[in-house]
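Input: one structure, supplied below.
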There are 2 protein chains.
Amino acid sequence: MYEKKIPENLDCGISVCMKVMGGKWKAWIIECIHDGIKRPSKIHRQMETEGASLRVITMHLKELEDLGVLYKKIYPGTPLRVEYYLTEVGMSTLPLIKAMSQWGREKRAYLLQGERNAYLATN
Amino acid sequence: MYEKKIPENLDCGISVCMKVMGGKWKAWIIECIHDGIKRPSKIHRQMETEGASLRVITMHLKELEDLGVLYKKIYPGTPLRVEYYLTEVGMSTLPLIKAMSQWGREKRAYLLQGERNAYLATN
DNA sequence: CTGTATCCGGTCTGATACTG
DNA sequence: CAGTATCAGACCGGATACAG
């Protein structure tokens, strides 16, 4: 297991926000679950082509569950089945995630152009 | 110098957004500049008590400048003076940053409570 | 004052093997 | 199928020294 050594400072609202949406796949996971893709294996399949390993999905799911953003429901049986749902707070992230996603898509071309110029300027 | 070894995938709007606001101090830096604290030394003083080193501030400033979020103005002379301004795209981050910050402050207590419960449950 | 180079330890995450 | 353990390599950022 992995244990943090530096205490986090969560006085800042942005830091709190980043804890929930800042991971590499967290925002995507939240969107998936909202879209009805609730089972870990399905979520993984959704984004394994992008390089997400099942381990990281599992870790993010657990973190989000611990934070109270997700609620986990277990259906006993073989094979075992698990589904995750958004809690009320989980729901409250959706407008924010949507806004971030839209902003990124809108500004993408501009921002990447900026990068390219900087690259050319230093070569 | 530090050089990335894994190419980034910026097809996703969230990733683009995180590139601009996801660093440890980037959002704070953008807020500072918007508040009229434009010089690197001032920005640093603003948050060195929180542990930000001048090096990281400089790096973030450069990154944001390269992306076209900030514009850098140099006043020659001794001592050298530099000021950073928000570009139009830089300005467009403000509502988003404000929204994230507010969300974090609102949900902070709930999220931390969730963490505490998870901790108790496993001990 | 501004910015760069180097080092280094903490953190994140992909890969793999494994348990239930 | 769901989840855990361990490893390794990339990333992030703090400290320091130094250059313009």
Side-chain angles (χ1 to χ4, degrees), chain A residues 1-9 15 18-29 33 37-66 70 72-84 118 121-122, chain B residues 1-9 15 18-29 33 37-66 70 72-84 118 121-122:
Chain A
M1 263 308 269
Y2 173 67
E3 196 114 356
K4 281 204 169 82
K5 292 181 186 173
I6 296 182
E8 303 178 80
N9 181 357
S15 304
M18 284 302 156
K19 196 173 172 62
V20 175
M21 318 180 193
K24 194 161 179 182
W25 309 100
K26 281 182 189 163
W28 196 346
I29 287 175
I33 293 176
I37 304 169
K38 302 168 183 172
R39 301 184 54 192
S41 54
K42 298 281 187 187
I43 294 170
H44 178 225
R45 211 157 319 160
Q46 195 73 199
M47 39 192 148
E48 65 178 333
T49 56
E50 307 294 331
S53 69
L54 185 53
R55 174 184 160 281
V56 178
I57 304 295
T58 306
M59 281 179 58
H60 283 175
L61 284 170
K62 179 167 172 45
E63 250 182 276
L64 292 172
E65 187 203 348
D66 288 351
L70 298 182
K72 177 184 187 173
K73 197 164 182 180
I74 303 176
Y75 300 89
T78 307
L80 188 60
R81 213 178 58 163
V82 172
E83 288 185 351
Y84 288 90
T122 55
Chain B
M1 263 306 267
Y2 173 68
E3 197 114 354
K4 281 204 170 80
K5 294 182 186 174
I6 296 181
E8 303 177 78
N9 180 356
S15 304
M18 283 303 157
K19 196 172 173 61
V20 175
M21 318 180 194
K24 193 161 178 181
W25 309 100
K26 280 181 189 163
W28 196 346
I29 288 176
I33 293 175
I37 304 169
K38 304 168 182 172
R39 302 183 55 191
S41 54
K42 297 282 187 189
I43 294 170
H44 179 223
R45 211 156 320 160
Q46 195 71 201
M47 39 191 148
E48 65 178 333
T49 55
E50 307 294 331
S53 70
L54 185 53
R55 174 184 161 281
V56 178
I57 304 296
T58 305
M59 281 178 56
H60 282 174
L61 284 171
K62 179 168 172 46
E63 251 182 275
L64 293 172
E65 187 204 347
D66 288 351
L70 298 181
K72 177 183 187 173
K73 195 164 182 180
I74 303 177
Y75 299 89
T78 306
L80 188 59
R81 212 179 57 163
V82 172
E83 289 185 351
Y84 288 91
T122 56

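By convention in this document, chain letters (A, B, ...) are assigned in the order of the sequence lines, proteins followed by strands, and residues within each chain are numbered from 1. What you see is a predicted model; the values in this text were computed from it and never measured.
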TODO: Select base, sugar-phosphate, or nothing to describe what B:Lys72 touches, counting heavy atoms under 4.0 Å on all strands.
DONE: sugar-phosphate
Open item on the list: Once you apply a heavy-atom cut-off of 4.0 Å, does B:Tyr75 come out as touching a base, just sugar-phosphate, or nothing?
Closed with: nothing
Open item on the list: Base contacts versus sugar-phosphate-only contacts with protein, heavy atoms under 4.0 Å: please encode nucleotides 11-20 of chain C as B, S and - from 5' to 3'.
Closed with: BSBBB-----
Open item on the list: What is the first contacted nucleotide of DNA chain D and what is the last, in 5' to 3' order, if contact means an atom lying under 4.0 angstrom from a heavy atom of chain A?
Closed with: D:dC1 to D:dT6
Open item on the list: Checking B:Lys4 now: which residues fulfil salt bridge (Lys or Arg N to Asp or Glu O under 4.0 Å) with it, not counting sequence neighbours?
Closed with: B:Glu8
Open item on the list: Could you work out how much the helix from C:dC1-D:dG20 to C:dG20-D:dC1 bends, comparing the axis of its first five pairs with that of its last five, to 10°?
Closed with: 30°
Open item on the list: In this structure, how many angstroms lie between the C1' atom of C:dT2 and the CD1 atom of B:Ile43, rounded?
Closed with: 12 Å
- [ ] Tell me, please, which residues at least two apart from B:Glu63 pass side-chain hydrogen bond (donor to acceptor under 3.5 Å, both in side chains).
- [x] B:Lys26
- [ ] Tell me, with the steps shown, if A:Tyr2 and A:Met59 meet side-chain contact (heavy atoms from CB on, under 4.5 Å).
- [x] CA-CA 11 Å; A:Tyr2 173 67; A:Met59 281 179 58; 5.9 Å; no
Task: side chain to side chain contact (heavy atoms under 4.5 Å, CB included) partners of B:Ile6, counting only residues at least two apart - done: none
Task: Any residue meeting side chain to side chain contact (heavy atoms under 4.5 Å, CB included) with A:Thr58, in chain and number order, not counting sequence neighbours - done: A:Leu54
Open item on the list: With side-chain contact (heavy atoms from CB on, under 4.5 Å) as the criterion, how do B:Val56 and B:Lys24 come out once you've worked through the C-alpha distance, each side chain's angles and the decisive distance to 0.1 Å?
Closed with: CA-CA 9 Å; B:Val56 178; B:Lys24 193 161 178 181; 5.8 Å; no
- [ ] Go through the structure and list residues passing side-chain hydrogen bond (donor to acceptor under 3.5 Å, both in side chains) with B:Glu48, not counting sequence neighbours.
- [x] none
Open item on the list: Using OP1 and OP2 only, check whether a side-chain N or O of B:Thr58 sits under 4.0 Å from C:dG3.
Closed with: no
TODO: Report the residues that fulfil side-chain hydrogen bond (donor to acceptor under 3.5 Å, both in side chains) with B:Glu65, sequence neighbours left out, ordered by chain and then residue number.
DONE: none
Task: Rounded distance in Å - NZ (B:Lys62) to C1' (C:dT2) - done: 13 Å
Task: Distance, rounded to the nearest Å, where B:Leu54 contributes CG and C:dT4 contributes P - done: 11 Å
Task: Residues which pass side chain to side chain contact (heavy atoms under 4.5 Å, CB included) with A:Met18, listed by chain and number, not counting sequence neighbours - done: A:Ile14, B:Met18, B:Met100
TODO: Determine yes or no for a side-chain-to-main-chain donor-acceptor pair under 3.5 angstrom, with A:His44 supplying the side chain and A:Ser53 the backbone.
DONE: no
Task: Test side-chain hydrogen bond (donor to acceptor under 3.5 Å, both in side chains) applied to A:Tyr75 - qualifying residues, sequence neighbours left out - done: A:Glu83, A:Tyr85
